[in-house]
Amino acid sequence: MAAVNTTGPAPYIYACTRMRVRKAALLPREEYMRMLNMELPEITRFIEETRYKAEIDELASSFSGVDLMENALSWNLAKDYQKVLELVPGHLKHFTKAYLLKWDIRNVLTLLRAKIQGASVGKIKEIQIPAGSLNRTVLDRLDSEDSTDRILDGLKGHMLYGVFEREMSAAVESGSFARMENELYKAYYSILLKEAKSGVKGGAAFLKYVRLDIDTKNLETVFRVKGESDGEKIRELMIEGGTFTLDELVRFAGSDSLDEMIETIRKKLNTEAFDSAFEAVKEAKSSQGVEIGLIKAKLTEMDRISKLYPMSVAPVIAYLELKSYEVSNLRALARGKESNLPSESIEACMVV
Amino acid sequence: MALNVKPTRSELIDMKKKIKLSERGYNILKMKRDGLILEFFKVLEDAKKSRGALVEGYDRATKMIAVANTVEGSIRVKGAAMAVKENPQITLKEKNIMGVVVPDIEASSVRKTVTQRGYGVLGSSPVIDDTADAFEELVEAIIEAAEIETTMKRLLDEIESTKRRVNALEFKVIPELKQARDFIKMRLDEMERDELVRLKKIRAKSQAK
């Protein structure tokens with residue numbers, strides 16, 4: 001349970017204003033369009049002139065090219081998130097910490113997969129982003145462990161330890177972390193819902209965000225498994241607690257009439273933000289196109305919630321989400337340029 | 001050219017039989033060769049299409065893996081690939097095209113649904129689905145191309161050997177048989193003339209006495 005805030009509204013106003021200022025400083029669409037026409041060294045140079053300068057300068061002696069970009073972006077993201085955590089007061093910190101748990105899932109799964117694939121500790125360190133509760137020191141310790149049992153021991157006390165413990169042996173035995181990954185994300189969302197409904201002040205705004213995130217994830221899954229008939233398997237992939245019940249989601253996934261399904265979803269969501277994503281589904285665009293549409297819809301809705309609850313966790317999470325997409329956009333640009341992908345393909349991978 | 005044949009009447013009959021048989025064989029083989037060539041051109045069209053699909057599929061798969069690495073990073077992409085449990089099963093059967101045994105390849109479990117692929121859906125991006133789709137399409141195209149191109153190769157081999165046989169019959173076996181037949185005929189005629197001259201001489205000698 002979070003500490004009761006006794007310092008009045010000032011720290012909240014300060015933190016939320018700071019988040020809005022940070023959000024305004026994120027790279028606009030025009031900058032991405034300019035970068036699409038640049039070569040990798042030019043992009044690195046361009047990034048160096050923005051808020052990523054410190055990290056680029058710090059890592060320039062150890063890395064070059066796309067590795068330099070990736071590491072600098074990861075470092076910056078992790079540092080930025082930790083700074084936000086320091087900045088936000090009371091309940092906001094509590095909710096933000098819970099929200100950032102997903103980075104722990106990502107980091108631990110990356111570590112486990114990389115260990116199975118025989119990647120070096122240095123490589124694992126490069127691709128982890130210590131933006132969650134597991135900081136660099138803890139992750140370094142986990143990275144250097146040789147056995148999964150010792151990694152599991154290192155996770156003792158973590159909010160998701162129960163799921164790790166339950167799923168680890170089967171995952172290691174089979175070499176696939178798919179089930180574990182699904183279970184971890186489901187546990188993550190159930191933690192978020194629990195925190196949002198715990199009665200702490202400001203929970204309503206957080207709950208709106210969590211529901212929106214669950215809805216987006218569930219809709220993405222529905223569109224990905226559309227046409228499959230195994231209801232049980234589909235049910236296992238859905239997250240409880242959103243606008244739609246599990247039965248509805250399974251029905252949507254198995255529905256023959258796409259228009260009917262989309263109309264039902266649209267009516268229940270009662271927002272126009274998802275319309276472009278639905279259009280992408282109707283036009284049978286790639287899954288990636290649908291995903292980008294859903295993310296954009298989520299961000300639009302989050303922006304709306306953050307305006308509806310200006311002194312809550314909503315502006316904080318809206319900023320954190322936008323920041324993570326800025327980093328993934330820049331990473332996509334760097335990797336895409338390295339792979340000689342055409343600008344249109346790189347643009348299609350970005351959330352701008 | 002010295003021919004190792006006995007200039008006898010039975011040999012001549014035998015030779016004529018051989019020529020008839022060779023000519024019949026030559027006609028049949030020529031028809032087979034023409035038939036095989038027709039069949040080959042049909043397969044060639046399919047092969048062109050399948051090769052086009054293969055190249056297209058390969059380009060798409062290469063592009064998609066680059067996009068997946070761009071969005072997800074290589075470790076996550078490899079992790080998703082390693083999650084696949086059920087590998088495609090290939091069943092090799094045989095079918096017959098004008099006496100040529102060609103493969104008939106049947107594949108199962110190439111196309112999979114998202115839930116059958118085995119990677120974590122909640123933690124992965126749909127770009128992984130698109131990449132998996134692209135590679136499944138590529139595997140299908142490879143299997144189809146393998147079947148068609150092997151068929152084409154076997155047909156070509158058969159056309160080549162039939163052509164060699166036809167040519168051997170047309171330019172070697174039948175001419176040699178005909179030469180042998182003519183030689184026997186000529187020898188028999190000569191022997192007949194010898195006999196006639198000998199008889200005439202004997203008759204003349206006996207009349208002179």
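Throughout, protein chains are lettered first and strands after them, A, B, ... in sequence-line order, and every chain is numbered starting at 1. If you're wondering where the values come from, they're calculated on a predicted model, not measured in any experiment.
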Trainee: Under 3.5 Å, side chain of B:N69 to main-chain N/O of A:R335, donor-acceptor pair present?
Mentor: no
Trainee: Hey, what do you get for OG1 (B:T113) to NZ (A:K226), rounding to the nearest 0.5 Å?
Mentor: 13.0 Å
Trainee: Looking only at non-hydrogen atoms, find the nearest pair between B:G120 and A:E181 and report the distance.
Mentor: CA-OE1, 3.2 Å
Trainee: What pair of heavy atoms forms the shortest contact from A:S339 to B:A66, and how long is it?
Mentor: CB-CB, 4.0 Å
Trainee: Should the heavy atoms of other residues, nucleotides or ligands under 6.0 Å from CD of B:E190 be counted, would the total exceed 12?
Mentor: yes
Trainee: Rounded to the nearest 0.5 Å, what separation is found between the CZ atom of B:R117 and the OG atom of A:S176?
Mentor: 14.0 Å
Trainee: What pair of heavy atoms forms the shortest contact from A:A332 to B:T70, and how long is it?
Mentor: O-CG2, 3.1 Å
Trainee: Can you establish whether the number of heavy atoms outside A:W75 located under 6.0 Å from its atom CH2 is more than 12?
Mentor: no
Trainee: Give a yes or no on whether B:R51 atom CZ has more than 12 heavy-atom contacts from other residues, nucleotides or ligands under 6.0 Å away.
Mentor: no
Trainee: I'd like to know whether CZ of B:R111 has more than 12 heavy-atom contacts from other residues, nucleotides or ligands below 6.0 angstrom.
Mentor: yes
Trainee: Has A:Y325 got more than 12 heavy atoms of other residues, nucleotides or ligands less than 6.0 Å from its OH?
Mentor: yes
Trainee: Can you say whether A:E183 sits under 4.5 Å from chain B via the side chain, the backbone, both, or neither, judging by heavy atoms?
Mentor: neither
Trainee: Where is the tightest heavy-atom contact between A:E291 and B:P126, given as atom of each residue plus distance?
Mentor: CD-CD, 3.2 Å
Trainee: Among B:D130, B:V67, B:D133, single out the residue with the greatest number of heavy-atom pairs under 4.5 Å to chain A.
Mentor: B:D130
Trainee: Shorter than 4.5 Å, heavy atoms on both sides: which option in A:T110, A:V225, A:L341, A:L112 has the most such pairs with chain B?
Mentor: A:L341
Trainee: Closest approach of A:Y185 and B:G123, non-hydrogen atoms and distance?
Mentor: CE1-CA, 3.5 Å
Trainee: If I measure from the heavy atoms of chain B, does A:A119 come under 4.5 Å with its side chain, its backbone, both, or neither?
Mentor: side chain
Trainee: Are a donor atom and an acceptor atom from the side chains of B:S125 and A:R224 found within less than 3.5 Å of each other?
Mentor: no
Trainee: How about A:E39: does its CD atom have over 12 heavy atoms from other parts shown lying under 6.0 Å from it?
Mentor: no
Trainee: Should we say atom CG of A:D256 is surrounded by more than 12 heavy atoms from elsewhere, each under 6.0 Å from it?
Mentor: no
Trainee: About how many Å separate CG of B:L122 and CE of A:M238, when rounded to the nearest 0.5 Å?
Mentor: 8.5 Å
Trainee: Out of A:V290, A:L237, A:T221, which one racks up the most heavy-atom pairs below 4.5 Å with chain B?
Mentor: A:L237
Trainee: Would you say the side chain of B:V127 lies within less than 4.5 Å of the side chain of A:C349, judging by non-hydrogen atoms?
Mentor: no
Trainee: At a heavy-atom separation under 4.5 Å, does A:S328 approach chain B through its side chain, its backbone, both, or neither?
Mentor: neither
Trainee: Flag yes if more than 12 heavy atoms outside B:K32 fall under 6.0 Å of its NZ atom; otherwise flag no.
Mentor: yes
Trainee: Which atoms of A:L184 come close to chain B, meaning under 4.5 Å heavy atom to heavy atom: side chain ones, backbone ones, both, or neither?
Mentor: neither
